[in-house]
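What follows is a short report on a single structure.
One-based numbering along the sequence shown.
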Amino acid sequence: MALVQSPALCFNAIPSNFRPSSWSNRLSSSSDSRLCSTVKASGLTLTPSTHSSSRFSSSACARPGKVSASVQGSPETDESSLVVCFGEMLIDFVPTINGLALAEAPAFKKAPGGAPANVAVGIARLGGSSAFIGKVGEDEFGYMLADILKQNNVNNEGMRFDPGARTALAFVTLKKNGEREFMFYRNPSADMLLEESELDLDLIKKAKIFHYGSISLITEPCKSAHIAATKVAKDAGVLLSYDPNLRLPLWPSAKSAREGILSIWDTADIIKISEEEIEFLTNGEDPYDDNVVRKLYHKNLKLLLVTEGPDGCRYYTKEFSGKVKGLKVDPVDTTGAGDAFVAGVLSKLAEDLSLLQDEKRLREALSFANVCGAITVTERGAIPALPTREAVMDALLKTVA
């Protein structure tokens, strides 16, 4: 099912002074520093390489922060069902063996990721229409990520490239049950530096649904860009979808994370949260208590979704609520499972928003989304593991048989 094959990057050890911000800060028109595939215990090894491709030359930029059509482009998109995803895109380094501490992992597989980008690819993989808006470094990884979006039929014309900051990296520790812990390298990374003036406002206005997380709220200038983008979408009548995607180590404190996540809560039309996020946002209250969950349901909300991993999900609207069971699988890596679920839900809603008023059809859409998440955890990495519509339908048929 994976459309992106990434070689493992081998690490004998991670040196204490390893910081992406110490790497070369910009590409030259004649050559650049390409990251090599090994890091030895003595330090980070870089292998210089010369590129003849015009996409790496300074003349390739149509304007600062934007690159040529060789890595950017707009596939045939159905604007009537377009989902625009805003936020971070990065490289996840996933260990090849589960259950080891980060420093003990013998090797890592590099996998494209970042929650909003995962959702955009997930929707396209399911046959829907999607676009991504965000910023990456003007570096090897940044161009790779733009290429991956293009290869997966995601409109990436809203991507920007920063010549002075690197693409974000995240090292993922996989427990034996496939659950994860993250170590991020953002000092700062390019996604944090997206400015309001760099937003593709026309693309946002064309959307049927505008989806985002909370990581883009942590620092300026991206926070202001995020708030401006959601206002443009709201004013244009676009449905707003919010997955907080709590990553506590990225916030200055738990208090600032809670306040930041809730600061835009009441503007969203659709919110997806996990059990852990409910407990965090309610200061330790029971996430399985419907009365607790209802406290998070604001007056303008159309749908609140609570994911429960292999146990499925709960749904809440003004008129009805319930639970849809999940699909049991043997998990390998849970990275991207929630994003695959969101992609499944939004792909269905983009086709027909009347699902929000029809409980039977909403439940069918949520069953579809649960299977999207289940399939994703059976492979390492987020984007490489996102399923096609055919794979989801086959799995659904097997559950009925």
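The salt bridge (Lys or Arg N to Asp or Glu O under 4.0 Å) pairs that include a residue from residues 84-106 number zero, where partners must be two or more places apart or lie in different chains. Sorted by first and then second residue, the pairs that involve residues 364-378 and meet salt bridge (Lys or Arg N to Asp or Glu O under 4.0 Å), not counting sequence neighbours, are Lys360-Glu364. For the ring pair (Phe, Tyr, Trp, His ring centres under 6.0 Å) condition, no pair includes a residue of residues 329-353, sequence neighbours left out.
Side chain to side chain, Asp290 and Tyr316 meet the donor-acceptor criterion of an N or O pair below 3.5 Å.
The side-chain heavy atoms of Leu349 and Ile209, taken from C-beta on, include a pair separated by under 4.5 Å. Leu262 has its side chain within reach of Leu281: a pair of non-hydrogen atoms, C-beta onward, lies under 4.5 Å apart. When side chains are defined from C-beta on, Ile215 counts as touching Arg186, because their heavy atoms get closer than 4.5 Å. By the 4.5 Å heavy-atom criterion applied to side chains, Pro188 and Leu193 are counted as neighbours. Between Asp333 and Glu379, every side-chain heavy-atom pair lies at or beyond the 4.5 Å cut-off. Proximity of Pro116 to Phe86: side-chain heavy atoms (C-beta onward) are nowhere separated by under 4.5 Å. Val84 places a side-chain heavy atom less than 4.5 Å from the side chain of Leu82.
In this structure, the separation between CD1 on Ile204 and CZ on Phe210 is 4.5 Å, given to the nearest 0.5 Å. In this structure, the separation between CD1 on Ile273 and CD1 on Ile278 is 4.0 Å, given to the nearest 0.5 Å. To the nearest 0.5 Å, the span separating CE on Met192 from OG1 on Thr219 amounts to 3.5 Å. To the nearest 0.5 Å, atom OG1 of residue Thr317 and atom OH of residue Tyr315 are 8.5 Å apart. Considering CG of Leu301 and CG of Leu296, their distance stands at 9.5 Å, rounded to 0.5 Å. We find the NZ-CG distance between Lys318 and Leu303 to be 10.5 Å, quoted to the nearest 0.5 Å.
With sequence neighbours excluded, the residues that form a side-chain hydrogen bond (donor to acceptor under 3.5 Å, both in side chains) with Ser216 are His226. Annotation: salt bridge (charged side-chain N to carboxylate O under 4.0 Å, His left out) contacts of Lys323 (sequence neighbours excluded): Glu308. Residues forming a salt bridge (charged side-chain N to carboxylate O under 4.0 Å, His left out) with Asp235 (at least two apart in sequence, or on another chain): Lys231.
Heavy atoms only, all atoms of each residue included: Thr376 and Ala340 are closest at OG1-CB, 3.1 Å. Among all heavy-atom pairs drawn from Tyr242 and Ala268, the shortest one is CB-CB, 3.7 Å. The minimum heavy-atom distance linking Leu240 with Lys234 is given by the pair CD1-CD, 3.6 Å. Of all the heavy atoms in Glu275 and Pro287, the pair that sits closest is O-CB, 3.4 Å.
A salt bridge links Arg389 with Glu351: the distance from a Lys NZ or Arg NE/NH1/NH2 to an Asp or Glu carboxylate oxygen falls below 4.0 Å. Checked for salt-bridge contact, Asp289 and Arg294 miss the test: no charged N lies under 4.0 Å from a carboxylate O. The residues Asp311 and Lys328 are annotated as salt-bridged, a charged nitrogen and a carboxylate oxygen being separated by less than 4.0 angstrom.
In this structure, the ring of Phe171 has its center no less than 6.0 angstrom from the ring center of Phe184.
Figure legend: cation-pi geometry between Lys135 and Phe161 absent, as NZ or CZ is not positioned both under 6.0 Å from the six-membered ring centre and within 45° of its axis. At least one test fails for Arg166 against the ring of Phe141: distance under 6.0 Å to the centre or angle within 45° of the axis.
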